[in-house]
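FYI, side chains are in, hydrogens and waters are out, and symmetry mates aren't considered; it's all heavy atoms of this structure. In each ligand, atom 1 is the first atom listed, and ligand 1 is the first ligand listed. On a predicted model such as this, the values are computed, not experimentally measured, just so you know.
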Amino acid sequence: MRKNRLRRPPRPFNGMRYLRFLLLIAVIAGFYGYLRDLKAPGIEVSPAQGMLSAQRPLTIKLSDSGSGLKSLRIIARQDGSETVLMEKEFSGEKSSEIQLDLAKTGLIDGSVEFAFEVRDHSLFPFGNGNRAQQSLTLILDRQPPQIELLSDTTPIWQGGAATIVYKVSEETSRSGVQADGLFFAGYRQSNGKYLCVVPFPVAVNPAAYAPKLVAVDLAGNETRISSGLRLLSRKFPQARINVSDAFIASKTEEFQGLVPGGSGIDLFLKVNRDIRAENRKTLLELAAKSSATPLWSAPMLRMPRAMTTGAYAEARDYYYNGQVVDHQTHLGTDLASVAQAPILAANPGKVLFAGYFGLYGGCVILDHGLGVQTLYGHMSSISAQVGQSVSRGEEIGRSGNTGMSGGDHLHFEVLVGGVPVRPEDWMEEKWMATYILDPMQK
Ligand SMILES: [Zn+2]
C-alpha cells in the first residue's frame with residue numbers, strides 16, 4: 001500500500017540563514033578579488049640612473065590596484081657585500097611613496113647596485129602574492145665639490161667688474177658667482193680652469209650684494225666660498241631731464257609701435273618705465289648666449305671724435321611741466337659726433353642682436369664671450385647681421401635718434417652677465433689689464 005505522501009509545510013523565513021548566505025557570497029567575492037589579481041605591483045624608482053645624493057634622494061613609488069601592497073624589500077650590493085636596507089610591510093594600500101635616507105645605510109660613496117622586491121596581497125601564486133622585482137646601479141656621491149680660488153682678492157668699485165679664476169675638484173652642473181638674486185656663470189676653459197667675469201651693479205644695495213663663488217656637482221652637492229671680491233661704493237652724478245610736449249610729439253608715432261594707443265606724457269612714461277624694464281630683462285636673458293671663451297684681448301674702442309653727452313649711472317629725474325614724473329638711472333655712456341656717424345664694433349665679437357629694441361631704438365648687441373657684451377643704441381641704420389663675426393673697429397651701422405633719444409648720438413653699454421657696467425673702465429688699457437685680462441692668465 002502506498003503511503004500518502006506527506007506534504008511538508010512551507011518553511012518559515014529564516015533571517016539567520018539569509019545572513020549566512022550573504023556572508024558566503026561576500027567571502028567568495030573577496031577571494032575572487034584576490035584570485036583575480038594576477039597583475040604584479042608597479043614599482044618606479046627615481047633617479048633611474050646617474051647620481052644619488054641628499055639633493056637627489058632615492059625615491060620609490062609603489063602601486064597595486066588589485067589586492068593592494070603587502071611588502072617591500074630593498075637590498076644594496078657594494079664591493080661584494082650585501083645589505084638589507086629596508087623590509088617593510090603594508091596593509092593593502094593601493095599606492096605608497098618611500099624616500100630612502102641613505103645617510104643611515106652605512107653605504108660608502110661610489111657605485112651601488114640596488115635590488116627592489118615588492119609583493120601584493122593576491123593569493124596567487126600559492127598565497128605568496130604577485131611579485132615585482134627591479135635592480136639598478138647608481139653612483140652615490142655625498143661629497144660636495146672643492147673649489148680652489150686662483151685669483152687674488154680684488155677691490156672693485158661700484159659699476160666695475162673683475163675676472164675671477166678658479167678650479168673645481170670634479171665635473172660641475174653649474175658654477176659661477178651668486179649675488180643678491182643674480183648669477184654670473186663661470187666658463188670652463190680648455191686648461192680645466194674656470195673664468196667668471198663678475199660685475200658690481202649700480203642698481204644694487206652695496207651692503208646686500210655679497211658675491212659668493214658657487215659650484216654644484218653632477219649629484220647636486222653644492223659648495224659656496226668667498227669670491228675674493230672687495231666691494232667699494234662710489235658716488236654717481238645726478239641729472240635733471242625736462243620732458244617737453246614737443247619731444248613727446250616728435251616720438252609719439254614711434255612709441256605707439258611699442259605701446260599701442262598711448263599718447264602724451266602717459267605714453268612717454270610707459271616707454272620710460274615698462275619698456276625699459278622689459279628691455280633690461282631681455283638683456284639678462286641674452287647674457288646666457290655668450291661664448292664660453294673670450295673673443296677679445298684689447299680695451300674697448302671708444303667712438304672716434306665723439307663727445308660724452310650723458311654719463312654712466314647718472315641718476316635722472318624727469319620733469320614734466322615743472323613736476324617730477326619719473327626717476328631712472330642711465331646705464332650707458334652717451335657719445336655724440338656728427339649725425340649718422342659710423343658706429344664701430346668696440347672689440348671683436350659675434351652679432352647677437354640687430355634690429356629695433358624698445359627704448360634703444362635701432363640697436364646692435366655684440367657678444368665678446370664670458371658674458372661680456374656691448375650694446376649700441378639709437379642707430380639710424382644697421383649694417384651688421386645676427387650671427388656675423390665682427391672685428392674691432394668694423395662698422396656695424398650709423399648713429400641716429402631712434403628710441404628714447406633727443407638727438408643724434410650713440411648710447412653705448414658694456415654688459416657683464418646682462419648687467420651694465422661702467423664703459424669708461426673698459427676703454428682704459430690699464431684697467432682692462434688689471435681687472436679683466438691679467439687674472440685670466442692665473
Ligand atoms: Zn644714453
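Using modelled atom types, one side-chain atom of Arg234 and one backbone atom of Gln158 make a donor-acceptor pair closer than 3.5 Å.
Within the structure, side-chain hydrogen bond (donor to acceptor under 3.5 Å, both in side chains) pairs that include any residue of residues 259-274 comprise Asn272-Arg276, Asn272-Asp326, Arg273-Asp326 (at least two apart or interchain).
Ring orientation note: the planes of Tyr166 and Tyr194 are close to parallel, at an angle under 30° on the 30°/60° scale. Using a 30° and 60° split on the angle between ring planes, Trp426 and Trp296 fall in the tilted class, from 30° to 60°.
A donor and an acceptor atom, one from each side chain of Ser53 and Asp141, are nowhere located under 3.5 Å apart.
Within a 6.0 Å radius of NZ in Lys251, more than 12 heavy atoms belonging to other residues, nucleotides or ligands are found.
Below the 2.8 Å limit, the Zn ion (ligand 1) has as protein N, O or S neighbours His330 NE2, Asp334 OD1, His411 ND1.
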